[in-house]
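Inspection log for the structure reproduced underneath, given as structure tokens.
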Amino acid sequence: MGKASLFLLGLLALSAVCVYGSDPAAESDEASASLQTDVLTLGVGNFSETVEKHDFIVVDFHAPWCGFCKRLEPEYEKAATQLKENDPPIILAKVNVDAEQNKRLESEFDIKGFPALKIIKNKGQSVQEYKGPMEAEGIVSYLKKISGPPSLELTSAEQAGKFITDHEGSLVIIGVFDKLEGEHYANYLKVADALRSDYEFCHTTDASYIPEDGVPVKTSSVRLIKNFDDKVTVFTDFTVEALTNSIEEARLPYVTEMSKKPEHRPALKKFFESSKTKLFLFLAETPEGDNSQKDLLKTFSELAKAKKSNGLIALFADAEESANALQFFGLAKEDAPASVIRDRKGKEYLFKNAEGSKLSSWVDAYLNGELKEHIKSEAICETNDEPVKDVVARLNGDVVVEAKKNVFLEFYAPWSWYGINCKKIFQIFEELAQQRSQHRNHPTSFKGDSAVVIAKFDATANDVPGDL
Ligand SMILES: *[C@@H]1O[C@H](CO)[C@@H](O)[C@H](O)[C@H]1NC(C)=O
């Protein structure tokens, strides 16, 4: 995921994670480690050998300074005690990746925030993200489900109907095969195994068990059942890649709603993680009885449906509630209703004070390459003589890329959920800038050192240039 997508995901504060900086709730890890534990402690020396011994092992990559890790610990411990009784046993382990010798594991497993739980299967052959709850009961039931067969075989129409109604709030996927062997079936199971935490997979060899819902059930097909847009989507390409992509694509509604409700999170996460071109609509606040924004949303939704085949995915948000997102695109509340296109490469196009009657032609102009890209930047600072320099998008060339200096640059988001820590990091940067360089040939502070620039960059108010 690119930096920008990370920022966008940050807008949603999707989950409680530590990205960097310390959490006051954290204490020393070692001090509280209990003697009796069902959680295996691993280190770089015994990681591989332990993982190779197990078909299913969960590893908590943690850091002692992370308060969320700390809070997870007793829950994880309780879950470990229950899960070791499972048949076959499910092993829970942890690694302190803050310890110098374990850093290698942190990069090998691409750990970006904490707590990071990974499910490692088939003796280390496959690694999956843990996407379940963070309390003991939730961990136990999630892991039991994940460690079982990836897809349930349906053996009667009654069972099929019950499976679908039982999972009405989720996305149900049904594979219909002529026989439960061969490449199609094997690929289906592979996909089910990889995507099982986001969908409910099942399969059958009898098409007559499956309700039609207006779409005939054919053998050798996979159908996705959802409770929005077209209820049923059918796929017939059985390569692992095609099946994965079609499922992930079909799960996105024509228009995703930006919302803080927990049930909207999976769809939002999928939306922001998608590499497709994104079309946004920020609705303005209107007085009671004014239906202009409702009408605009209707037009936008129809447009989104029509342009899906052009590779666009759409999201709408309330400008008032999504002030941060608005700011991310360099827009003010007065610009709403506003529409934004952000393409695969992160290029952005703005339509301020968007009118429903012009939306469609604006999107067409984008598709025809006729729109001018919007580069977001704060104004260049006139005096930039603080110890820590401010860098903006327009100035990057001078200070960062062309300066041929050693640049230590902090990208930050003033509003981020670890924003408090950003202030702390500003302080550290200030102190660093004031500090005397240790180098013998540079008897000055970093601030006075012509070869060194210490700077910060508000990545919400400026586009991060592609070469950074
Ligand atoms: C693995 O090694 C660490 C030291 O790095 C040790 O504390 C731990 O007990 C070992 N774990 C197992 C399961 O052998």
Side-chain angles (χ1 to χ4, degrees), residues 56 119 121-122 126 128 131-132 141-256 263 266-267 269-271 274 276 301 304-306 308-309 311 313:
F56 193 100
I119 297 168
K121 296 197 291 193
N122 306 329
S126 99
Q128 253 171 260
K131 294 180 182 169
S141 54
Y142 178 84
L143 288 177
K144 278 186 174 168
K145 180 179 173 231
I146 291 280
S147 63
S151 174
L152 176 79
E153 186 182 354
L154 302 173
T155 51
S156 73
E158 195 192 5
Q159 189 197 3
K162 186 169 183 312
F163 188 84
I164 294 167
T165 38
D166 280 355
H167 298 107
E168 214 150 35
S170 354
L171 296 138
V172 171
I173 296 180
I174 310 173
V176 188
F177 301 95
D178 53 354
K179 54 184 189 314
L180 296 188
E181 56 186 40
E183 200 187 334
H184 286 189
Y185 179 63
N187 286 352
Y188 180 73
L189 290 188
K190 264 187 216 155
V191 173
D193 189 37
L195 301 182
R196 63 199 296 170
S197 53
D198 293 332
Y199 305 86
E200 300 295 332
F201 283 89
C202 59
H203 61 269
T204 185
T205 49
D206 193 332
S208 74
Y209 295 162
I210 311 301
E212 291 208 344
D213 286 319
V215 186
V217 186
K218 293 215 181 73
T219 300
S220 258
S221 73
V222 172
R223 46 207 283 131
L224 171 73
I225 303 179
K226 54 193 172 185
N227 52 10
F228 52 83
D229 298 343
D230 310 321
K231 206 163 171 261
V232 178
T233 315
V234 177
F235 322 111
T236 49
D237 187 336
F238 279 90
T239 63
V240 169
E241 200 190 352
L243 205 49
T244 306
N245 291 342
S246 328
I247 289 173
E248 296 277 58
E249 193 167 306
R251 74 114 60 216
L252 282 177
Y254 294 131
V255 181
T256 303
E263 63 267 31
K269 192 157 182 281
K270 281 277 178 300
F271 178 88
S274 166
K276 297 198 158 210
S301 305
K305 187 173 174 182
K308 191 174 178 178
S309 58
I313 55 173

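Computed from heavy atoms alone, side chains included, the values below leave out hydrogens, waters and symmetry copies.
Applying the ring pair (Phe, Tyr, Trp, His ring centres under 6.0 Å) definition to pairs two or more places apart or across chains, those involving residues 153-185 are F163-H167, F177-Y185, F177-Y188, F177-F238, H184-F238, Y185-H203.
To the nearest 0.5 angstrom, L224 atom CG is 10.5 Å from D230 atom CG. Here the CD atom belonging to E248 is positioned 10.5 Å from the CG atom belonging to L243, to the nearest 0.5 angstrom. A distance of 7.0 Å separates OG of S197 from CD1 of I119, quoted to the nearest 0.5 Å. With rounding to the nearest 0.5 Å, the separation of OG in S274 from NZ in K269 is 13.0 Å. The CG atom of L252 sits 8.5 Å away from atom NZ of K226, with the distance rounded to the nearest 0.5 Å.
Between the Y209 side chain and the T155 main chain, a donor and an acceptor come within less than 3.5 Å of each other.
The side-chain heavy atoms of D198 and L171, taken from C-beta on, include no pair separated by under 4.5 Å. Using a 4.5 Å heavy-atom cutoff, the side chains of Q128 and D193 are in contact. Contact of the S220 side chain with the T236 side chain is not registered, since no non-hydrogen atoms from C-beta on lie closer than 4.5 Å. By the 4.5 Å heavy-atom criterion applied to side chains, V176 and K218 are not counted as neighbours. Residues I164 and P211 are in side-chain contact: their nearest non-hydrogen atoms beyond the backbone lie under 4.5 Å apart. Between E200 and K145 there is a side-chain heavy-atom pair separated by less than 4.5 Å. Taking 4.5 Å as the limit, some side-chain heavy atom of I225 sits within range of a side-chain heavy atom of K231.
Across V234, I210, I174, V215, a single residue satisfies side-chain contact (heavy atoms from CB on, under 4.5 Å) together with S221, and that is V234.
When all heavy atoms of F235 and A250 are compared, the pair lying nearest together is CZ-CB, 3.8 Å. Listed here is the closest heavy atom pair of V172 and C202: CG1-SG, 4.4 Å. Annotation for A304 and Y254: closest pair CB-O, 3.6 Å, computed over non-hydrogen atoms.
A donor and an acceptor atom, one from each side chain of D206 and T204, are nowhere located under 3.5 Å apart.
Considering only residues two or more places apart in sequence or on other chains, E212 meets the side-chain contact (heavy atoms from CB on, under 4.5 Å) condition with P216, V217. Checked against salt bridge (charged side-chain N to carboxylate O under 4.0 Å, His left out), K190 has no partners two or more places apart in sequence or in another chain.
No more than 12 heavy atoms of other residues, nucleotides or ligands lie within 6.0 Å of NZ in K305, so this atom counts as exposed by the packing criterion.
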